[in-house]
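Since the structure comes first, as structure tokens, the remarks are kept for the end.
In this text, all values refer to a predicted model and were calculated from it rather than measured experimentally. Reckoned from all heavy atoms, side chains included, excluding hydrogens, waters and symmetry mates.
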Amino acid sequence: MKLLRSHGWLAAIVLALAAAVQLLRATEAYEVVEFKTLDWRFRNFSRPQRADPRIVIANIDQQSLDHFEQVDSMPWPWPRSIYEPVVNFAKAGGARVVVIDLLFTNITHWGPGEDESLGRVLARSGIAVLDLDFGRRPEKRRQAPPPARFAVEIIGSTGAAVAAESLRLPVPELLRGAKRAGDVQAQPDADGVFRRVPLVTSFQGRFYPSVPLAVALEVLGEKVVRFEDGALVLGGRRLPLEDGRALLRFHGAALAPGRTGGVRTYETYSAKDLILAQRAIEEKRQPNLAPSLLKDKILFIGAGAPALMDNRPSPVSPVFPGTEDLAVAVDNLLNGDLLRRAPRRWVFALVLLAAALGSAAALSNRRFGVSIGLLAALAGALVVGTVAAFDRGIWIDLVAPEAALFLSFAVSAAYNYVVEGRERRY
């Protein structure tokens, strides 16, 4: 800082650079670049060990599709009755919740009895959560509201609610059997990657939870949704939101390939194995899997096979099952573990510091090689600091302070070269 004070014009230029970098943070181009640095942190520094062991995934994978098509002559889409063994298996094992992450909005071509049968199984289980398909645009044929029992009471600001204009409901037979239901719609960030999920949807004067929030409310036994100062209060914790949405903190990947040394975030089974295990139990044979493995678990049934098209880009993998997005959100909500973005004033202070340090590195030594070494050390320190904050669940921008550091170094080095050359010539 002493060096900056001795060069008034240079200090003003460096401050202007810092202010310009801060203004760039409001642009979409900046956000896209910063998102990539965040994804790099997710892929390389997430810790699968942090994942909630209560979450289990039953994956409708290619192996499941092939087995039931070849052995039982059941091509996709499956008859609804095929999900009954999974629900019964989970109920017998003492699961807390079963989330069926499939849109049952049309009557199955396998016959109306299929819907009635599965609906009865869902009702007997008392633990099923179904998907609601809200739309952001009005459609005349999609105006029927869900039953009032699926709505939630909001305490505090309702600004976090996403407005919906239309809705596709599950078929009535299944909806009657559901304990809860929630929205599954989410919008990607500017680069097309899904990092956030909305928590509440408003529709025709009522508020409906997303599937993750519905599951969290069920597990925690809470009746209302409370918002305070832009944060969700859940389970006695304040969870900061980003524009009313939850910024997910991924711990790795369970169904998608990741860089976590082969460690999977959530226990995952092929849907085929759970179905066959329950069939064996019903036929008085020894199953390969025991229902007790789902004791007190939260089971997600989702379509992870590539052909089923329920995959989307995520920070940890370009191909990531939508079901696992929901699982991550439930994990974060139950454990108060959402990712928090550092306030703008924190980042601006870091940008100012980086600009001052970059200028000081350029002016502090006459040997250019030494100055470059200092610059590299400072750039590395910024990376280490943001990674350490990320490990604690805080997203601090990396692009802005690094840009301020390098720009101020370049400007100060050029200034120093011009001034020294003038002095030598004098």
Side-chain angles (χ1 to χ4, degrees), residues 55-87 89-90 98-111 114-115 118 122 128-135 168-171 174 178 181-188 192-194 197 210-212 215 248 250 252-258 264-278 298-330:
I55 294 175
V56 178
I57 298 175
N59 181 27
I60 303 175
D61 52 12
Q62 193 61 47
Q63 183 185 22
S64 299
L65 297 179
D66 293 343
H67 175 87
F68 290 110
E69 183 170 5
Q70 296 167 8
V71 176
D72 292 359
S73 299
M74 290 191 302
W76 186 265
W78 290 341
R80 302 279 161 79
S81 57
I82 201 171
Y83 304 102
E84 295 176 15
V86 183
V87 178
F89 187 83
V98 175
V99 180
I100 305 180
D101 183 29
L102 300 164
L103 290 174
F104 294 137
T105 54
N106 297 312
I107 297 174
T108 175
H109 69 276
W110 294 89
E114 290 283 326
D115 292 326
L118 179 56
L122 298 181
V129 177
L130 295 183
D131 290 352
L132 300 176
D133 183 22
F134 283 99
R168 284 194 302 166
L169 289 169
V171 296
L174 301 183
D183 190 10
V184 291
Q185 295 301 313
Q187 297 298 317
V193 177
F194 289 81
V197 296
S210 65
V211 162
V215 173
L248 300 182
F250 295 83
L255 300 178
R264 296 295 188 178
T265 49
Y266 305 112
E267 192 70 35
T268 303
Y269 299 93
S270 172
K272 169 185 70 71
D273 294 336
L274 298 185
I275 294 169
L276 295 181
Q278 181 62 22
I298 302 165
L299 178 66
F300 286 85
I301 304 171
L308 302 184
M309 303 298 289
D310 187 26
N311 294 304
R312 56 184 61 172
S314 80
V316 295
S317 175
V319 179
F320 196 79
T323 298
E324 197 167 342
D325 273 339
L326 301 180
V328 172
V330 170

- For W110 and P77, work out which heavy atoms get closest and say how close. NE1-O, 3.0 Å
- Message: So V316 and T265, do their side chains get closer than 4.5 Å, heavy atoms only?
- Response: no
- Non-hydrogen atoms of V197 and A329 that approach each other most closely: CG2-CB, 4.0 Å
- Taking only residues two or more places apart in sequence or in another chain, which ones pass salt bridge (charged side-chain N to carboxylate O under 4.0 Å, His left out) with D61? none
- Any side-chain heavy atom of P313 sitting closer than 4.5 Å to one from F194? yes
- Item | Check against side-chain contact (heavy atoms from CB on, under 4.5 Å), L169 and L132 | CA-CA 6 Å; L169 289 169; L132 300 176; 3.9 Å; yes
- Message: With rounding to the nearest 0.5 angstrom, report the OG1 to CG distance, T323 to D131.
- Response: 8.0 Å
- May I ask you to decide if A305's main-chain N or O and Q62's side chain share a donor-acceptor pair within less than 3.5 Å? no
- Task: Apply the test side-chain contact (heavy atoms from CB on, under 4.5 Å) to residues L122 and I100: give CA-CA distance (whole Å), side-chain angles for both, the deciding distance (0.1 Å), then the verdict.
- Result: CA-CA 10 Å; L122 298 181; I100 305 180; 3.8 Å; yes
- Could you tell me which non-hydrogen atom of I55 sits nearest to which non-hydrogen atom of A327, and how far apart they are? CD1-O, 3.4 Å
- Test side-chain contact (heavy atoms from CB on, under 4.5 Å) applied to F68 and K272, step by step: CA-CA 8 Å; F68 290 110; K272 169 185 70 71; 4.0 Å; yes
- Here the gap from H67 atom NE2 to D72 atom CG, rounded to the nearest 0.5 Å, amounts to 5.5 Å
- Query: When the ring planes of Y83 and W78 are compared, do they come out parallel, tilted or perpendicular, using 30° and 60° as the limits?
  - Reply: tilted
- Heavy-atom closest contact (A303 atom, N59 atom, distance): C-OD1, 4.2 Å
- Message: Please report the interatomic distance CG(L274) to CD1(I301), rounded to the nearest 0.5 Å.
- Response: 8.0 Å
- Contact summary for V98 and A90, nearest pair of heavy atoms: CG2-CB, 3.5 Å
- Message: Just verifying a value: how many Å separate L65 CG and I60 CD1, rounded to the nearest 0.5 Å?
- Response: 7.5 Å
- Separation between CZ (R312) and CG (D325), nearest 0.5 Å, reads 5.0 Å
- Message: Could you check whether any side-chain heavy atom of V193 comes within less than 4.5 Å of a side-chain heavy atom of P188, counting everything from C-beta outward?
- Response: no
- Note on the structure: Nearest heavy-atom approach of S81 to E114 is N-OE1, 2.6 Å
- Under the side-chain contact (heavy atoms from CB on, under 4.5 Å) rule, what do D101 and V211 come out as? Steps first, then yes or no, please. CA-CA 9 Å; D101 183 29; V211 162; over 6 Å; no
- Answer yes if the ring centres of Y266 and F300 are under 6.0 angstrom apart, and no otherwise. no
- Which value, rounded to the nearest 0.5 Å, describes the distance between L174 atom CG and R80 atom CZ? 6.0 Å
